[in-house]
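To find a chain, count down the sequence lines: A is the first, B the second, and so on, and within it residues start at 1.
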Amino acid sequence: MATIRLDNVKKSFGKTQVIHGVSIDIADGEFIVIVGPSGCGKSTLLRMVAGLETITDGTVEIDGARVNDDEPMDRDIAMVFQNYALYPHMSVFGNMAYGLKIARTPKAEIKARVQAAAKTLQLEAYLDRKPRELSGGQRQRVAMGRAIVRKPKAFLFDEPLSNLDAKLRVQMRLEIHALQRELGITALYVTHDQIEAMTMADRMIVMRDGVAEQIGAPLEVYENPDNRFVAEFIGSPATNFLAPALVPEAPAGTAWIGIRPEHVKLAEAEGASLTGKVLHIEALGAETLVHVVLADGTHATVRQEGHLPKPAEGARVGLAWHLAEVMFFDTQERRLR
Amino acid sequence: MSGMVEKRGAAHWFTHLGMILGVVIIGFPIWLAFVASTVSQPEIVQPPMPVWPGDQLVENYAKALLSGVNVPVARMLFNSGVMALGIALGKISISLLSAFAIVYFRFPGRLVFFWLIFITLMLPVEVRIVPTYEVAARLGLLNSYPGLILPLIASATATFLFRQFFMTVPDELAEAARVDGARPMRFFIDILMPMSRTNMAALFVILFIYGWNQYLWPLLITTDPEMNTIVMGIRQMFPSGDDIADWPVIMATAILAMLPPVIVVITMQKLFIRGLVESEK
């Protein structure tokens, strides 16, 4: 259990700078999700906290102590890898116990701690098996178990769910979150999946090209994005971006207006300020996504409740919204408030 | 339908017949050697040569093992065993370590070292035998086990093999071990070595036989019969000039010389195949 502080952390590979100065203060027990498209540097940032990558500039502090030059083992962190990285020749017990064995923990204590972790993760029946005899979800649990038996100061997760099927992913997402809550251990979690980010994070860091575009609680980021990238990346389907001329009230300097699909309503084409043609409809049951192409060729998505009447494909529809829900962005893609 | 089965049966028999024939052809000289090791000297030299075992088995083998011609065969077997084991184990440990260094550490001249090792692949013992002898002699290694083993111990092939294998081990595994607190040698011993055991078993078989069958090098480096290895020792048993060759004892020695490699192949094959079946994939 610990606080983690990143202060203007930068990373360069040769002459290419990949992390352009990220700062965040993480409170004890907080669950932080780093989210961004692939190649944005989120894994590199995590690996710098872990000690697997050197830190080019800036400082990483764990519990107030600078750890820039410490080996991973001296930082007292535990990491869960994307491919689990289980030792293939060791049993589940051996995998979980390995870190403790190296730390020269007494045998009886190792056994007790592994048993306890196995119980939490429902792995008791599998302790003697080899990783290859386990399913993907079980391997994932073993990787978790290896992290929790160490009682580390922080958990670092590097896209731990990306190799699981959709259903298992939802389940493990809940389990990891519940476990972190129960143990109260600070966690840093890297993912490209915004749903994981939204559901698990206390706060999230939205990254693009090595820059932390926005840091904040998920709903705060969702409802109040700082720039066009965040508005587009967080939320599915993505925010609609339309020409500023459509909203006469737009402040000066507006280059785009953004409006989330759920804030757009279908209206009668007659008398509507904006009309378009329905391209296609995705009826998902609880909700319906209506894809509309506007007169100027822009595509827009409308998300409406499943029980509302669905327009026919090819029909002309009007679009309406509340001004309060429209976001304005300037030419630098920054939010105008 | 029945015709098909019959046809398949005939082909089956034919294939088996061919294979049995092959085994007989390959096995016949060994059978003759065995027969020759069980009869008495006069029975061998008088034509036609016997093809069924005689009654001298125990006597001939006891004579070979305990007294031999120049030196007891038991002694030569021991020497060969030390040499073959030394070469096999030495080669495996050295190449494991050098492959570990080349794959997991970034040190200056890493590629240069790799290519240096690789180039030695092209230089078999026979090519470098004179300078190697010179070095070994100056180091006082004549007539010694280190002299038999050390000059043959470096192996580019094995280093290359382990390098290729280590490169298939995911980086995340090394990182996980690092996070778990394993320093490099610990990772090497606890993770890499157990994962390489199939490779090590396969290499051990090949290298043991390579070491066991060495002829030229032991012939040069040993002058004392006490240090003879069995493969070269058999040659030393042949008489020079008009002396009578003790064929039954020589043949018994040849059979004895064949046994250890056969035992190694049979025992290690099981391990090797088990390793393959239990592959990590």
Side-chain angles (χ1 to χ4, degrees), chain A residues 43 46-54 70-91 94-105 110 129-134 139 142-147 149-150 152-160 163, chain B residues 92-93 96 99-100 103-108 110-111 161-204 268 270-281:
Chain A
S43 282
L46 186 80
R47 292 164 57 84
M48 285 198 282
V49 177
L52 295 171
E53 298 280 359
T54 55
D70 289 357
E71 270 291 298
M73 65 187 99
D74 303 322
R75 298 186 187 197
D76 200 6
I77 45 96
M79 189 152 169
V80 177
F81 294 87
Q82 184 173 354
N83 301 321
Y84 321 134
L86 301 178
Y87 310 124
H89 59 289
M90 291 185 193
S91 64
N95 265 284
M96 294 212 252
Y98 187 59
L100 296 175
K101 220 172 92 186
I102 290 178
R104 297 174 190 278
T105 315
I110 294 183
R129 298 227 191 147
K130 294 279 171 66
R132 67 171 171 276
E133 296 161 337
L134 302 176
R139 287 182 203 187
V142 177
M144 284 290 301
R146 191 164 64 176
V149 292
R150 301 250 317 273
K153 285 182 178 167
F155 287 141
L156 306 178
F157 298 93
D158 191 1
E159 309 210 18
N163 286 352
Chain B
I92 287 174
S93 38
L96 263 175
F100 178 56
V103 175
Y104 283 94
F105 294 89
R106 271 191 211 103
F107 53 90
R110 177 159 145 269
L111 269 183
L161 187 121
F162 284 126
R163 171 184 178 264
Q164 297 307 96
F165 171 70
F166 289 168
M167 283 176 23
T168 67
V169 174
D171 286 345
E172 283 191 340
L173 222 51
E175 286 168 355
R178 231 176 121 192
V179 172
D180 265 343
R183 311 233 170 234
M185 281 321 284
R186 187 86 199 237
F187 166 69
F188 177 69
I189 292 165
D190 285 353
I191 316 280
L192 271 187
M193 282 192 22
M195 285 180 71
S196 319
R197 68 188 191 286
T198 349
N199 283 319
M200 295 196 319
L203 259 182
F204 181 83
M268 299 298 280
K270 279 183 189 160
L271 190 95
F272 181 46
I273 289 171
R274 203 179 63 198
L276 282 184
V277 172
E278 281 181 4
S279 109
E280 322 297 355
K281 306 262 148 53

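Looking at A/Ala78, only its backbone comes within 4.5 Å of chain B, counting heavy atoms on both sides. Residue A/Arg47 touches chain B through its side chain alone, counting heavy-atom pairs closer than 4.5 Å. Contact of B/Ala174 with chain A is not made at all, since no heavy-atom distance falls under 4.5 Å. Looking at A/Leu86, only its backbone comes within 4.5 Å of chain B, counting heavy atoms on both sides.
A search for side chain to side chain donor-acceptor pair (under 3.5 Å) contacts involving A/Gln82 returns A/Ser162, not counting sequence neighbours.
The salt bridge (charged side-chain N to carboxylate O under 4.0 Å, His left out) contacts involving residues 177-196 of chain B comprise A/Glu71-B/Arg178, A/Arg150-B/Asp180, B/Arg186-B/Asp190, where partners must be two or more places apart or lie in separate chains.
Taking 4.5 Å as the limit, some side-chain heavy atom of B/Leu96 sits within range of a side-chain heavy atom of B/Phe188.
In this structure, B/Phe187 and B/Phe100 have tilted ring planes: the angle between them lies in the 30° to 60° band.
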